[in-house]
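Before any comments, here is the structure.
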2 protein chains.
Amino acid sequence: MVPTSSRETAPADAEPRPTLRELASALEGTPAEQGLRERKKRARRGVLIDAAQRLVAEHGLDAVTVEMISAEAGVSPRTFFNYFESKDDAVLGADDTDLSEDVVRTFVDGGPTGRLLTDLQVLVASLLAPHGEAHVRVMRAMDLMQQEPRLLQRHVFWMERHKSRLVELFEARRETTPFNADAEMLTILVVLLIRTSLVAWENAGFTGDPADHLPGAVAQLIDVVARDLES
Amino acid sequence: MVPTSSRETAPADAEPRPTLRELASALEGTPAEQGLRERKKRARRGVLIDAAQRLVAEHGLDAVTVEMISAEAGVSPRTFFNYFESKDDAVLGADDTDLSEDVVRTFVDGGPTGRLLTDLQVLVASLLAPHGEAHVRVMRAMDLMQQEPRLLQRHVFWMERHKSRLVELFEARRETTPFNADAEMLTILVVLLIRTSLVAWENAGFTGDPADHLPGAVAQLIDVVARDLES
DNA sequence: CTAATTATTGCACCCGATGCAAAATTCCAT
DNA sequence: ATGGAATTTTGCATCGGGTGCAATAATTAG
């Protein structure tokens with residue numbers, strides 16, 4: 001690792017290496033939080049994501065190697081894989097925020113309204129909402145996804161990760177508030193809502209929050225189905 | 001390549017290698033079709049898929065190497081990649097059937113019924129239907145997908161491949177028969193219908209055709225939305 | 001300041017995937 | 001059938017992603 005002077009005192013290194021400055025500033029971002037270890041970890045993670053996104057934006061996904069990203073971030077290539085499972089994860093800044101416990105409980109107990117689709121919407125909103133800090137990275141990730149379709153697999157990746165949890169969740173709710181839909185279908189429906197919201201957000205020039213476009217996504221879905229029913 | 005005697009006459013090789021027999025029988029499957037070249041290509045492809053699926057079912061996805069698959073199929077590893085872009089493709093027996101021209105034309109012209117969801121259903125049906133020969137391979141692929149979630153990316157992969165085409169299609173139809181839904185959303189909706197149908201087919205013990213379960217998938221979707229509307 | 005915990009790094013290694021050119025095979029015209 | 005054109009197979013070299021392992025360095029706790 002790059003030696004910051006031994007105990008974090010006096011970061012007076014005159015070195016012009018951009019990496020160091022970036023890490024330093026990232027370190028200042030959240031100054032009074034957790035131990036040094038935790039802060040550095042967050043900082044490095046951020047630096048790696050930024051490096052990955054910048055390089056891919058400039059050269060394209062396949063032309064960028066993990067070695068380049070690590071170099072730009074001032075870190076050993078081996079360390080890269082301490083932070084991400086794959087190159088793509090870094091480019092996407094994959095955030096692994098879980099569903100909050102109370103949202104889950106509410107949903108399982110028949111959700112805020114008892115109407116499945118509406119309650120699903122609440123669930124998805126909680127997934128779309130909190131990433132306040134990573135906002136700008138999600139934006140960049142969206143842009144990159146357009147140019148590098150391979151990255152779209154993110155949503156599937158995400159789905160795989162949470163599928164078992166979601167399925168549990170659906171089955172649990174089913175007992176208190178019966179419905180017919182297959183759990184697998186609902187899982188994809190969640191992905192559909194997330195993705196549609198994000199795309200709408202992108203099309204709106206990234207104004208506001210992704211979650212702001214969730215009602216629109218639901219409305220689209222309802223529209224497609226309703227038009228079929230009325231005729 | 002394994003030398004079958006020089007001109008395809010006299011396949012009287014007494015070699016007990018299972019590979020050869022398998023290829024030979026596969027060759028007999030469609031005896032009067034195309035040239036020898038074309039038939040061998042199909043046959044080899046089939047042998048490779050079978051080998052891949054068998055090995056993965058036995059050892060798991062990560063424990064199976066392209067080298068093993070090629071060996072089992074009696075083919076050079078380099079040749080493997082003449083047939084598939086990736087190991088996963090072989091395991092899935094990725095079929096790249098396009099939409100037939102008339103189905104496309106009908107859909108673009110406002111589809112059989114003019115109701116978007118119903119017409120989408122027709123479109124999806126044409127994707128689910130024809131793979132008569134590969135039926136059994138799709139079954140195996142479904143089973144493997146349960147044990148190896150990585151393979152789920154297939155649908156995304158498929159989506160990526162056809163997305164531009166689908167988007168064109170949707171936009172073209174939009175001009176003759178306006179609707180509000182975003183093309184991106186409809187694309188995912190297609191994936192949802194395909195996947196849901198396949199899962200339903202699997203849950204039904206692979207009886208009949210995947211397409212048989214498409215109406216059920218649509219019904220589920222309608223149910224979710226309609227229940228939200230009525231209350 | 002020391003000892004325990006945790007993170008970084010280098011190294012060796014495996015495998016998936018691609019480009020290239022030589023050898024083998026199939027096709028086609030005569 | 002036979003020779004040359006077109007296409008496929010194959011070996012070889014190479015690159016890059018990703019992992020296990022053990023040594024080293026940094027952080028933390030006492």
Side-chain angles (χ1 to χ4, degrees), chain A residues 1-9 11 19 23 27 33-45 47-48 52 55-56 59-71 73-92 94 148 150-151 153 157, chain B residues 1-9 11 19 23 27 33-45 47-48 52 55-56 59-71 73-92 94 148 150-151 153 157:
Chain A
M1 174 192 170
V2 182
T4 59
S5 43
S6 84
R7 213 167 240 304
E8 192 206 1
T9 60
T19 290
L23 196 156
L27 233 28
E33 207 181 340
Q34 311 266 9
L36 172 60
R37 201 168 249 162
E38 213 54 37
R39 266 184 298 152
K40 270 201 178 172
K41 228 167 147 176
R42 282 184 184 285
R44 259 212 248 282
R45 184 184 164 79
V47 173
L48 279 167
L55 285 171
V56 170
H59 302 110
L61 186 55
D62 290 325
V64 173
T65 71
V66 170
E67 212 176 345
M68 292 186 214
I69 299 173
S70 316
V75 148
S76 138
R78 193 61 187 78
T79 297
F80 176 94
F81 289 105
N82 286 351
Y83 285 86
F84 303 98
E85 289 182 6
S86 71
K87 184 173 71 174
D88 294 5
D89 278 9
V91 175
L92 293 167
E148 308 282 356
R150 223 181 73 198
L151 295 176
Q153 297 184 352
F157 170 81
Chain B
M1 174 196 166
V2 183
T4 59
S5 45
S6 86
R7 213 166 241 303
E8 192 206 1
T9 61
T19 290
L23 196 156
L27 233 29
E33 205 182 340
Q34 311 267 7
L36 172 62
R37 202 169 250 163
E38 212 55 36
R39 265 184 301 153
K40 270 201 177 171
K41 229 166 146 176
R42 282 183 184 286
R44 259 212 250 280
R45 183 184 165 79
V47 172
L48 279 168
L55 286 170
V56 170
H59 301 110
L61 186 54
D62 290 324
V64 172
T65 71
V66 170
E67 210 176 347
M68 294 186 212
I69 300 173
S70 316
V75 147
S76 138
R78 191 62 187 78
T79 298
F80 175 93
F81 289 104
N82 287 350
Y83 286 86
F84 304 97
E85 289 182 5
S86 70
K87 184 173 72 173
D88 294 5
D89 279 8
V91 175
L92 292 166
E148 308 281 356
R150 224 182 72 198
L151 296 177
Q153 298 184 352
F157 171 81

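Below, chains carry the letters A, B, ... as their sequence lines are ordered, and counting in each starts from 1.
Of the two residues contacting DNA chain C, namely Val64(B) and Asn82(A), the nearest-nucleotide position lying further toward the 5' end is that of Asn82(A).
Nearest heavy atom pair, residue Ser70(B) against residue Leu48(B), reads CA-CD2, 4.5 Å. Across every non-hydrogen atom of Glu67(A) and Pro77(A), the tightest pair is CG-CG, 4.2 Å. Contact record, Leu61(A) with Val91(A): CD1-CG2, 4.1 Å, taken as the closest heavy-atom pair.
Distance CZ (Phe80(A)) to P (dG18(D)): 8 Å, rounded to an integer number of Å. When rounded to the nearest whole Å, the span between CZ of Arg45(B) and C1' of dT8(D) equals 16 Å. In this structure, Asp62(A) atom CG and dG16(C) atom C1' are separated by 14 Å, rounded to whole Å. In this structure, CD1 of Ile69(B) is placed 12 Å from C1' of dC15(C), rounded to the nearest angstrom. Taking atom CD of Glu38(A) as the reference point, atom P of dT28(D) lies 9 Å away to the nearest angstrom. Counting to the nearest Å, the C1' atom of dA17(C) and the CG atom of Asp89(B) are 12 Å from each other. The separation between Leu61(A) atom CG and dG17(D) atom P is 9 Å, rounded to whole Å. If you measure from atom CD of Glu67(B) to atom P of dT10(D), you get 14 Å, rounded to the nearest angstrom.
As judged by a 4.0 angstrom heavy-atom cut-off over every strand, Tyr83(B) is placed among residues touching the sugar-phosphate backbone only. Thr79(B) comes within 4.0 angstrom of a nucleotide base, judged by non-hydrogen atoms across all strands.
Pairs engaging residues 82-92 of chain B under the salt bridge (charged side-chain N to carboxylate O under 4.0 Å, His left out) rule: Glu85(B)-Arg161(B), Asp88(B)-Arg150(B) [sequence neighbours left out].
Lys40(A) has a side-chain polar atom (N or O) that falls below the 4.0 Å cut-off from OP1 or OP2 of dT27(D). Not one side-chain nitrogen or oxygen of Arg44(B) sits closer than 4.0 Å to the OP1 or OP2 atom of dT8(D). Residue Lys41(A) has a polar side-chain atom (N or O) positioned under 4.0 Å from OP1 or OP2 of dA7(C). Residue Ser76(B) has no polar side-chain atom (N or O) positioned under 4.0 Å from OP1 or OP2 of dT9(D).
Taking OG from Ser86(A) and CG from Leu92(A), the interatomic distance works out to 8.0 Å, rounded to the nearest 0.5 Å. The distance from atom CD1 of Ile69(B) to atom CG of Leu55(B), rounded to the nearest 0.5 Å, is 6.5 Å. Arg42(A) contributes atom CZ, which lies 9.0 Å from atom CZ of Arg45(A) (distance to the nearest 0.5 angstrom).
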Quick test: give all pairs of protein nitrogen or oxygen and nucleotides 18-22 of chain C nitrogen or oxygen below 3.5 Å, distance rounded to 0.1 Å.
residue : atom : partner  : partner atom : Å
dG19(C) : N7   : Arg78(B) : NH2          : 2.8
dG19(C) : O6   : Arg78(B) : NE           : 2.5

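Under the rule for a ring pair (Phe, Tyr, Trp, His ring centres under 6.0 Å), the partners of Phe84(A) that lie at least two apart in sequence or sit in another chain are Phe80(A). Residues satisfying the side-chain contact (heavy atoms from CB on, under 4.5 Å) criterion with Arg37(A), sequence neighbours excluded, are absent altogether.
Recorded end-axis angle for the helix from dC1(C)-dG30(D) to dT30(C)-dA1(D) stands at 30°, based on five pairs per end and rounded to 10 degrees.
Two residues are said to be in side-chain contact when any heavy atoms from C-beta on lie closer than 4.5 Å; Tyr83(A) and Val75(A) fail this criterion.
Closest to the Arg37(A) side chain, of the nucleotides dT9(C), dA7(C), dT25(C), is dA7(C).
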